[in-house]
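Following: one structure in structure tokens, then a few remarks.
Every number for a ligand or one of its atoms is a count from 1 in the order of the listing.
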Amino acid sequence: MKIKGIEHIGIAVNSLVDDAPFWKHVLGLNHSGTEAVESEKVTTDIYDTGRGKIELLEAMDEDSTIAKFIEKHGADVHHICFEVDDIHKAIIELKKNNITVIYDEPKVGAEGFLITFIHPKSTGGVLVELAQRPG
Ligand code: ZN
């Protein structure tokens with residue numbers, strides 16, 4: 001598996017309306033888009049730092065994994081995402097090493113990336129996302 005770098009850091013927030021202005025106006029990060037990702041029941045709000053992005057995550061409803069995460073941990077860093085060159089190969093390789101991959105078949109995430117997650121029990125406690133750039 002080839003890791004190409006940190007694609008983004010995902011941060012669970014209570015409210016994009018209340019919490020996004022810090023990233024947008026205080027830090028002055030470039031807003032690259034807001035998108036509803038129905039498969040994950042989240043609204044993503046993405047900012048480009050120039051070297052990796054910040055992905056703010058707001059739950060769409062109470063069943064969203066982000067709502068459950070905030071209930072447990074409060075608003076906090078939710079996951080770290082690495083860009084990979086070939087996500088299908090990465091999944092096969094991880095499973096060969098008995099690593100728990102959450103989606104055996106990648107889903108389409110924000111910005112059209114193909115994504116999966118590695119379960120925190122396999123990483124020492126951190127939720128890790130893998131993403132392959134579209135096209
Ligand atoms: Zn993410």
Side-chain angles (χ1 to χ4, degrees):
M1 161 178 24
K2 172 83 181 121
I3 301 284
K4 298 175 84 176
I6 293 178
E7 213 290 318
H8 63 265
I9 296 171
I11 299 174
V13 298
N14 286 303
S15 156
L16 289 176
V17 169
D18 294 340
D19 301 320
F22 168 76
W23 304 90
K24 197 175 198 167
H25 300 303
V26 179
L27 297 187
L29 297 178
N30 261 334
H31 184 234
S32 57
T34 303
E35 189 180 334
V37 183
E38 299 285 346
S39 64
E40 302 292 317
K41 292 186 175 177
V42 295
T43 304
T44 62
D45 195 33
I46 298 175
Y47 296 86
D48 202 342
T49 72
R51 288 193 182 181
K53 299 171 194 153
I54 296 292
E55 178 187 71
L56 303 182
L57 300 157
E58 181 190 65
M60 277 182 189
D61 63 37
E62 293 164 8
D63 294 333
S64 163
T65 55
I66 293 304
K68 289 171 187 159
F69 176 87
I70 287 179
E71 218 177 278
K72 254 179 133 174
H73 307 278
D76 205 342
V77 172
H78 178 259
H79 64 269
I80 293 172
C81 178
F82 292 110
E83 184 181 347
V84 293
D85 60 343
D86 184 333
I87 196 162
H88 292 93
K89 271 189 192 163
I91 290 169
I92 290 167
E93 200 179 316
L94 289 163
K95 292 181 78 176
K96 265 188 200 159
N97 287 294
N98 292 317
I99 301 297
T100 305
V101 175
I102 295 178
Y103 306 136
D104 287 348
E105 195 52 44
K107 290 191 176 187
V108 177
E111 300 184 320
F113 278 77
L114 288 176
I115 63 156
T116 191
F117 290 92
I118 303 172
H119 196 283
K121 77 181 182 193
S122 294
T123 68
V126 178
L127 180 63
V128 172
E129 180 179 10
L130 298 179
Q132 179 186 324
R133 192 172 289 280

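- For residues 49-80, the pairs satisfying ring pair (Phe, Tyr, Trp, His ring centres under 6.0 Å) are H8-H79, F69-H73, F69-H78, H79-F117, with sequence neighbours left out.
- In this structure a side-chain-to-backbone donor-acceptor pair under 3.5 Å is present from S122 to T100.
- With waters left out, the protein N, O or S atoms under 2.8 Å from the Zn ion (ligand 1) add up to 4.
- Not one N or O on the side chain of E83 forms a donor-acceptor pair closer than 3.5 Å with the backbone of K4.
- Contact of the K2 side chain with the D86 side chain is not registered, since no non-hydrogen atoms from C-beta on lie closer than 4.5 Å.
- Sorted by first and then second residue, the side-chain hydrogen bond (donor to acceptor under 3.5 Å, both in side chains) pairs involving residues 59-68 (not counting sequence neighbours) form an empty list.
- E111 pairs by the salt bridge (Lys or Arg N to Asp or Glu O under 4.0 Å) definition with K53, not counting sequence neighbours.
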